[in-house]
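Taking it in order: structure first as structure tokens, then the write-up.
Every chain is numbered from 1, with letters handed out A, B, ... down the list of sequences.
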Amino acid sequence: MLLCSITAVTAQRVIDTVSAAEKDPDAQQPWADLGLKPDEYAQLREILGRRPTSSELAMYSVMWSEHCSYKSSKVHLRQFGDTMTDAMRERLLVGMGENAGVVDIGDGYAVTFKVESHNHPSYVEPYQGAATGVGGIVRDILSMGARPVAVLDPLRFGPLEADDTRRVLPGVVAGVGGYGNCLGLPNIGGEVVFDPSYAGNPLVNALCVGLLRHDQIHLAKASGAGNQVIVYGAKTGGDGIGGVSVLASETFDETGPAKRPSVQVGDPFMEKLLIECTLELFAEGIISGIQDLGGAGLSCATSELASAGDGGMHIWLDRVPLRDASLAPEEILMSESQERMMAIVEPSSVERFTQICRTWDVDASVIGEVTNTGRLVIEWHGETIVDVPPGSVAHEGPVYQRPYARPATQDELQADSADRLPRPRSGNGLRATLLTLAASPNLCDKSWVTDQYDRYVQGNTVLAQPEDAGVVRVDEQTGLGVAVATDCNGRFVRLDPFAGAQLALAEAYRNVATSGARPIAVTDCLNFGSPEDPAVMWQFAEATRGLAEGCRALGIPVTGGNVSFYNQTGDAAILPTPVVGVLGVIDDVRRRTPLGFFAEGQHIWLLGETRDELSGSEWAHALHGHLGGLPPRVDLDADRALADVLIDASRRRLVAAAHDLSDGGLAQALVESCLRDGVGASISLPSGLDPFIALFSESTARAVVAVAAEHEARFTDLCTARGVHHAQIGVTQGRDREAALDVYDQFRIPLTELRAAWSATLPAAFAD
Amino acid sequence: MKIGVVTFPGSLDDVDARRAVTLAGAEPVRLWHGDDHLGGVDAVVLPGGFSYGDYLRCGAIARFSPVMGAVVDAANDGLPVLGICNGFQILCESHLLPGALIRNDSRRFVCRDQRLRVDNASTVWTSDYSAGQEVVIVLKNGEGGYVADNATLDRLEGEGQIVARYLDTNPNGSMRDIAGVSNERGNVMGLMPHPEHAVDPLCGAGTDGLGFFTSVLGQLAAHH
């Protein structure tokens with residue numbers, strides 16, 4: 001019965017073909033509903049020399065969307081390439097523009113890594129939005145020829161106490177865990193941040209790291225006329241079609257298929273099979289080009305593969321295996337059904353290809369072939385429905401110079417510094433402040449979240465959250481490994497986008513160095529409000545400029561990333577949030593530096609200089625709900641020197657523990673280093689510095705380290721040689737029941753009390 | 001000595017289990033879910049993961065795979081079989097072990113370093129421990145709540161078939177804090193925590209898990 005009605009609908013459908021478009025050049029088309037601007041529609045008519053068919057219109061509208069074309073951000077992103085020096089390019093095997101960048105880590109190994117956003121879907125449907133966010137970035141990494149080896153998830157939500165946060169957060173966390181755990185990918189880091197600006201617009205970013213040998217790099221290009229185009233993995237369904245339903249529905253009557261939700265549904269088991277199957281195909285050496293099907297589905301994969309290769313491709317769209325036989329060709333082209341890949345394979349290898357797919361129970365279908373016509377031609381049951389130059393779809397979309405302007409209110413914001421806020425003066429006041437901050441949503445124990453992620457699978461996780469950076473072993477024999485950290489303090493970026501972006505970069509860089517690894521590359525996920533708002537566009541322009549200049553100063557290239565605009569509720573944009581991921585390499589993971597104190601009697605040193613910098617701090621935010629003033633001063637030279645000390649000290653095995661100072665300052669760093677292994681500390685704050693500033697300032701380029709007595713002289717020599725300010729501020733205690741964080745002349749907090757405050761917040765908020 | 005590690009579609013900790021076998025001093029052998037034989041191995045490990053996606057009850061489909069036919073026959077003949085996490089679920093579904101594993105009482109996946117007590121150190125998989133020994137092993141599961149009727153639980157306790165129990169907090173609502181059980185003969189054991197992630201102090205929770213793998217080697221050597 002159902003089948004009959006579907007057949008009936010299919011029969012009624014009018015298929016818009018190229019010849020129909022030529023015959024009926026003035027047909028009205030719903031280009032505006034699909035998000036195209038009048039001049040964009042005119043541009044596309046000019047490219048084709050006629051009106052587009054409905055399938056072509058669908059393809060262009062999605063590929064020219066902000067998400068796929070980067071039309072508002074392109075002119076700013078160019079700076080990442082423009083500011084790159086030859087030295088920065090040295091390790092770069094594949095740069096920006098591919099599915100992900102690839103960097104050389106030595107011994108013939110390479111690493112590919114990238115961070116992406118899945119913000120809006122995760123607000124609509126938290127579990128599936130977050131799950132498919134993980135799935136999408138994992139396929140990007142896989143497409144480069146790499147085995148995915150780790151994920152990190154930087155997450156941002158509205159206030160912890162808000163009702164909607166209780167809807168969104170548990171679903172997002174379960175989705176990240178549900179998908180990543182099922183793929184067997186260790187989750188080694190990320191962030192969980194709360195701020196009112198994310199209330200109607202959570203940020204769900206996902207970073208994946210992949211490992212490959214140099215000779216395994218694969219690219220998204222379709223070369224060699226006659227080579228076969230294979231789509232494999234899940235069947236194509238009607239999920240994730242989004243705006244294209246507007247178009248498709250034009251050709252349906254009331255009995256047509258219901259509108260599908262535009263959030264995709266993930267099947268991690270299929271993705272796991274796809275990973276193992278694809279890695280076996282790579283090993284067999286029979287894939288000449290490959291692309292995952294993510295945003296914009298087949299439209300993106302066909303046009304990008306063709307335009308990067310010989311320039312032509314012929315597709316028989318009716319050969320795509322469908323989950324729903326009633327899908328219109330426009331919908332098939334736009335579908336964002338998950339767990340699909342497209343490969344370019346020589347005809348003689350097709351049989352071997354399908355054989356390997358069968359081993360893994362993965363469907364594979366030849367749907368087209370590479371041509372040298374320079375055209376992407378798509379047929380549907382013998383009729384040509386698309387005939388376009390593929391480059392015009394993939395790369396030649398509109399580019400905007402969006403107007404931007406520093407908002408008039410910025411001066412007022414920067415003038416309203418945290419200096420006017422009342423500061424605690426007594427030991428008791430400092431003690432209470434420290435406890436309140438340690439229990440505050442942004443600084444409290446995040447294990448309620450991270451315990452839902454498998455951090456051990458694959459057996460190579462050397463450090464994982466709450467450590468400063470996640471570290472995974474790459475080679476069991478040599479101990480070669482990589483470290484990754486992601487960071488962004490959106491409040492700093494709000495106060496000064498240029499400096500704030502550099503502070504995000506500096507923090508991620510410092511976190512990687514703290515673990516003992518040498519930072520070598522950057523990926524970024526630029527989460528901002530509407531690009532049509534000149535004030536937001538100014539934030540974006542400043543932040544990208546700051547990031548590009550910062551990367552050059554630190555000598556590490558941006559290898560890829562993602563831009564997410566329109567993160568706002570009504571007119572109110574989120575805090576500008578350029579999440580920065582830094583990748584580092586460590587030649588022997590056995591020398592990694594953990595953050596926790598674990599032995600008694602080691603000297604605690606504070607590295608770097610502390611200034612009165614409380615504006616935008618966690619203290620101002622959590623205790624006063626205040627945001628104003630200027631963020632801490634950026635000093636990338638100081639961060640570079642500090643990193644050199646931390647890496648050298650790790651290499652010479654001089655430090656037992658190290659922890660970067662950031663949100664919450666020295667106080668929070670000590671809390672975390674003490675609680676990690678339950679080891680107390682006796683601290684004497686540096687003389688000549690106000691105790692409040694010493695404890696809570698968020699000055700950059702600082703770290704605390706624990707050094708055993710026998711290494712002290714060599715360690716301080718190292719600091720002196722690099723010009724890094726160093727002051728001994730205390731000594732580690734034992735881990736007995738009496739262990740405490742003891743700040744001389746100020747206060748003493750038993751670790752049991754500290755742990756109770758720090759660890760109760762999230763479980764209480766999400767109690768069943 | 002050869003220890004087979006089965007890979008089902010969706011197995012995740014198979015590579016780790018093979019690494020643990022190597023570290024224990026045996027030769028790991030890859031077994032495929034579609035095989036109907038065990039290639040002459042001396043023991044079998046069913047690793048953790050989400051076999052066939054576990055979209056039905058965990059382990060319910062894996063139970064019908066060709067390799068499980070061979071595993072059931074061999075286990076009934078006395079071959080040592082260890083099921084870890086998803087492997088434990090598969091052993092219960094195959095009726096090689098009593099009881100069942102249900103969704104964690106927290107309704108959340110949990111990954112943590114878990115303290116356990118080895119209650120029975122006389123099985124082929126636990127003989128390198130001492131009875132009552134406390135160990136720390138990685139635990140990571142979404143459906144690890146062990147359930148059985150009271151009569152079965154009493155019988156398991158009476159016969160010493162409760163091999164390990166959770167200490168401190170019960171992470172998943174398992175009845176009587178059960179972390180692992182064996183069959184009556186003691187050759188088949190199911191363990192919810194992951195000993196293969198506690199064999200290398202650099203990349204897991206210490207080395208307390210290695211004993212499960214060395215135990216079986218010692219037992220096999222003694223009977224050869």
Requested in this report: May I ask you to check whether over 12 heavy atoms, not counting those of A:Arg213, lie within 6.0 Å of atom CZ?
Outcome: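 Yes - once you tally the heavy atoms of other residues, nucleotides and ligands closer than 6.0 Å, there are more than 12.
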Report task. For B:Arg165, look at atom CZ and say whether over 12 heavy atoms of other residues, nucleotides or ligands are found less than 6.0 Å away. Result ->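 Result for CZ/B:Arg165: enclosed.
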Between [X] and chain B, with a heavy-atom cut-off of 4.5 Å, which part of the residue counts as in contact: side chain, backbone, both or neither?
X        : answer
A:Pro268 : both
A:Val589 : both
A:Glu276 : neither
A:Arg590 : both

Report task. For salt bridge (charged side-chain N to carboxylate O under 4.0 Å, His left out), just list the numbers for A:Arg473 and B:Asp200, CA-CA rounded to whole Å, side-chain angles, deciding distance to a tenth of an Å, and then say yes or no. Result -> CA-CA 12 Å; A:Arg473 180 173 60 188; B:Asp200 174 0; 3.1 Å; yes
Requested in this report: Under 4.5 Å, heavy atom to heavy atom: which of residues 453-468 of chain A reach chain B? Give them by number, or say none.
Outcome: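 So the qualifying residues are A:Tyr453, A:Asp454, A:Arg455, A:Tyr456, A:Val457, A:Gln458, A:Gly459, A:Asn460, A:Thr461, A:Val462.
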Report task. Residue by residue, scan residues 172-186 of chain A and write down, ordered by number, those that have a heavy-atom distance under 4.5 Å to chain B; if none do, write 'none'. Result ->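 So the qualifying residues are A:Asn181, A:Cys182, A:Leu183, A:Gly184.
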Top contributor to chain A interface from [options] [non-hydrogen pairs under 4.5 Å]:
options                               : result
B:Lys140, B:Arg19, B:Arg112, B:Glu196 : B:Arg19
B:Val138, B:Asn141, B:Val199          : B:Val138
B:Cys111, B:Gly34, B:Pro9             : B:Cys111

**Report entry** Minimum side-chain heavy-atom gap A:Lys272-B:Phe50 below 4.5 Å
**Finding:**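 Side chain of A:Lys272 against side chain of B:Phe50, heavy atoms only: no contact under 4.5 Å found.
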Query raised in the report: With a 4.5 Å heavy-atom cut-off, do A:Phe269 and B:Tyr55 have their side chains touching?
Result: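 They are in side-chain contact.
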**Report entry** Nearest-0.5 Å distance that lies between atom OG1 in A:Thr359 and atom CH2 in B:Trp32
**Finding:**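 One finds 7.0 Å between OG1 of A:Thr359 and CH2 of B:Trp32.
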Query raised in the report: Atom OG of B:Ser106 and atom CH2 of A:Trp448: how far apart are they, to the nearest 0.5 Å?
Result: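 Result: 9.0 Å between the selected atoms.
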